[in-house]
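Just so we're on the same page: letters track the sequence lines, and every chain starts at 1.
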Amino acid sequence: MKKDKEILKKVTALKEELAAVSEAHLEACMNKANALLSSLYQQYDFTRTIVHMDMDAFYAAVEMRDNPSLANIPMAVGGEDMLSTSNYIARRYGVRAAMPGFIARKLCADLVIVPTDMAKYSAVSRVIRSVLSQYDPNMTPLSLDEAYMDFTDHLVKRRELDDQSRTFPEFSETMCRCEPEERLGVVSSTEGISSAVGDGVADVPNLNEDNLQNSVATDDTRILPSATNSDTEPSEARIMKDTTVSTDTSQCPRCNMPHNPKRILFDVGVEDAVREMRHRIHLKTRLTASAGIAANCLLAKICSDQNKPNGQYMLPFTVDAVQDFMKDLPVRKVPGVGKVSERQLAAFDVKVCSDFYKHRDVLYFLYSGGMFEYFLSVYLGLGANRLSKNEDGPKSKSVERTFRGMSDPDQLRTLCHELSLELAEDLKSAKNLQGKTVTLKIKLVTFEVKTRSQSLPTATNDGEDIYNVANQLLTTEMKNCSSKPLKLRLMGVRMSNFTTSDSKQQKLKVIRDTNSTPSDKRISFLDKIEAERKSEKVNQSCNEPLGLLAYMSTDKPIGTTSNISNAGRNVSTKLSSVWDESGDVTTRKTGKIIELLEGASNTDPWSLADSTSSSVATIPSDSTVKTATKYGPLDFYRSSKSGALDPWAKDDSSSLGGF
DNA sequence: ACTAGAAGGACCC
DNA sequence: ATCCAGGGTCCTTCTCGC
């Protein structure tokens, strides 16, 4: 309710801003948007086949599997104060993930809440991944129950697989569901098997070699026409009757269940490949999965939601199909658009993805460059089609705990200490990570969240070190609100700003080395700025001492701008003094640079830094840049005589002396 | 070795 | 049908001096 109001307030502020803008300006926005659109349009790429798979109500499904008494009643996994997920029966009552338990109880009095057992879920997850990696060894998990895969290579190989490699036992609770990994021919090792067996999931057995011989169909005439598949689409998979096995009364030595005579043959096509994968997950885990198949990750992910649960959806690999699909898709379905964005966008009549296009001028005005580009690319259905390896480890680690209101300083300190030590352990077990920034997070009983952070000169992962900082932050907070004692319902400690890996440092160094002598480009860049300064565009008389990297936008009046930033189209940076086009000087305003001068490059922002007299850098137009402020231009190249490049730089300007 | 840091949010599972 | 756990990532805004 309070939040509602805040969103509303923000929206009305934005609307006012929008109302104040001229027709001409909106037209300019439209032109910019169109330009971007046409460059994006070039980027369609249908050469890869991306699959996104997502387990159905994962945690809940695992619990139901392991405790059949839960199978037919509304249940959820989580705690009284918070549910992680719910089963489909509970969902019919409106019980959802991320819902406090007591609310869920109101919706559904009979709801059974099972505590979460992460260790169990990760064990199951490993089994699932062992299957997935046979279709794409570079499969990238997004979480325990979700992953992207690139099926392109598998599909090529798949054409050469014989029928028996694409044949698997039909699912049955009471018969052997074991399947030989080797049959697929993709994974030669027994990696999948060993990890599945060794992970403590007792009911995920596998065939040994002997059974492999017996259970595999060898006669390709046994294809039956009756396909039973849970998908709504027609399946090319066929159930086979294996006469060899049906006369075999022996049991599987691994799972002690009779062999299943019914077999399913999966086709070589994509859809059957994905069906097969889901089926194998089902065999191994007794859990169902849903999947999406498309030309890129964005689309695949959206598609996996289409026929949930236990279904799959393929979006044809054509521009028309993609655009048609996106057209009526509610923006809320777009990854990255949450509740807040949904409401904000709705306020500007953006409800489905084609509205991104329809209102592109307004959106261009309202949103940062990165965001806007994302919206448009979503509208077009563009997305990454190469799976990126998550090379650099975690960016931060944290431990937090919720409790009933606590205000006793000693208690709080004790807790803080515990959390710090826990975090230290986590860091040590995570490749002995060492970080420099400690953040204390607290949530008041009013649910207001605060974070307080402090960076250390040197990285650490020592528990007491962490505690010292965290406790200091905590103490400050307690002092700060001394009137009424700090009453908390949550405390957390986070470490971030990890010391970068060797490889990364190496890379930076190389970049810098190649730029250590000013290039021609660099020189002309400076000249250009100098010329700019001297031109009538910039009022020479304005009080020294700072020059400007690029001239200010007149898109919005300086001083009333609030939200402009970001890499790419716009650049926000800390500016000391800026001139607007009329030559007035405005001090210390964050501003928007609409145009980077020639010489702006898409490379390392520091690559243009002058090694002797100034620091000038430009923002990569690449939207992967983090924050413009951080990497942004040290915006003045400043003339003169006196020392520090950064006017705010503390007196120990030696720290910048490297330049 | 490092180009700022701190605070706050949105969002994801 | 309401403000929520705990682990994260990423983005944005503000402050900083004289």
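- Rounded to a whole Å, the CG atom of A:L83 is 16 Å from the P atom of C:dT2.
- Within the nucleic acid shown, A:T85 has no heavy atom closer than 4.0 Å to any nucleic acid atom.
- Remark: P of B:dC13 and OH of A:Y59 are 11 Å apart, rounded to the nearest angstrom.
- At a threshold of 4.0 angstrom between heavy atoms, the contacts of A:K106 with the nucleic acid are absent.
- Close to B:dG8, at under 4.0 Å from its OP1 or OP2, lies a side-chain N or O of A:T451.
- Annotation: A:F348, atom CZ; neighbour count of heavy atoms from other residues, nucleotides and ligands within 6.0 Å is above 12.
- With A:F102 as the aromatic partner, A:R105 does not meet the cation-pi criteria of under 6.0 angstrom to the ring centre and within 45 degrees of the ring axis.
- Each of A:K436 and A:Q454 was matched to the nucleotide of DNA chain B holding its nearest heavy atom; the match closer to the 5' end belongs to A:K436.
- Taking only side-chain nitrogens and oxygens, A:S143 never comes nearer than 4.0 Å to OP1 or OP2 of B:dC12.
- The interatomic distance linking A:L440 (CG) with B:dG8 (P) rounds to 11 Å, in whole Å.
- Closest to the side chain of A:E400, from the set C:dG7, C:dG8, B:dC11, is C:dG7.
- Distance CG (A:L423) to P (C:dG6): 15 Å, rounded to an integer number of Å.
- Note on A:R96: nothing from the nucleic acid sits closer than 4.0 angstrom, heavy atoms only.
- Listed candidates were B:dC11, C:dA5, C:dA1. Nearest to the side chain of A:T402 is C:dA5.
- B:dC13 atom P lies 9 Å from atom CG of A:D305, rounded to whole Å.
- Considering only side-chain atoms of A:V340, the nucleotide from C:dA5, B:dA6, B:dC11 that sits closest is B:dC11.
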Q. Run the ring pair (Phe, Tyr, Trp, His ring centres under 6.0 Å) check on A:F372 and A:Y364 step by step: do they pass?
A. CA-CA 6 Å; A:F372 179 73; A:Y364 181 94; 5.2 Å; yes
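- Residue A:L142 is out of contact with every strand shown, counting any heavy-atom pair closer than 4.0 Å.
- As judged by a 4.0 angstrom heavy-atom cut-off over every strand, A:R452 is placed among residues touching the sugar-phosphate backbone only.
- Comparing B:dA10, B:dA6, C:dG6 by their closest approach to the side chain of A:R401 singles out C:dG6.
- C:dA5 and B:dC12 are spaced 14 Å apart, taking the C1' atom of each and rounding to whole Å.
- Two rings, from A:F356 and A:F375, have their centers less than 6.0 Å apart.
- Closest to the A:E146 side chain, of the nucleotides B:dA7, B:dC13, C:dT9, is B:dC13.
- On the C1' atoms, C:dC18 is 24 Å away from B:dT3, given to the nearest whole Å.
- A:L486 is listed as a side-chain neighbour of A:E477, based on a closest heavy-atom distance under 4.5 Å.
- For C:dA5, the OP1/OP2 oxygens have a side-chain nitrogen or oxygen of A:R489 closer than 4.0 Å.
- Distance, A:L473 CG to B:dG5 P: 15 Å, rounded to whole Å.
- In this structure, the nucleotide among C:dA5, B:dC12, C:dA1 sitting nearest to the side chain of A:L107 is C:dA1.
- Atoms NZ (A:K450) and P (B:dA7) sit 11 Å apart, rounded to a whole Å.
- Of the residues near DNA chain C, A:P394 and A:L490, the one whose nearest nucleotide (by heavy atom distance) lies more toward the 5' end is A:L490.
- Residue contacts for A:K441: at a heavy-atom cut-off of 4.0 Å it reaches no nucleic acid atom on any strand shown.
- Here A:G94 lies out of heavy-atom contact (under 4.0 Å) with every strand.
- Between A:K397 and C:dG8 there is a side-chain N or O to OP1 or OP2 distance below 4.0 Å.
- Comparing A:I103 and A:S84 by the nucleotide of DNA chain C whose heavy atom lies nearest to each, the residue mapping closer to the 5' end is A:I103.
- Taking 4.5 Å as the limit, every side-chain heavy atom of A:K436 sits out of range of all side-chain heavy atoms of A:F498.
- Taking both residues in full, the closest heavy atoms of A:A294 and A:L299 are given as CB-CB, 3.4 Å, listed atom of the first, atom of the second, then distance.
- Note on A:K443: a side-chain N or O is less than 4.0 Å away from OP1 or OP2 of C:dA5.
- Here A:S455 does not reach the OP1 or OP2 of B:dA4: none of its side-chain N or O atoms lies under 4.0 Å away.
- The distance from atom CD of A:Q344 to atom P of B:dC11 is 8 Å, rounded to the nearest whole Å.
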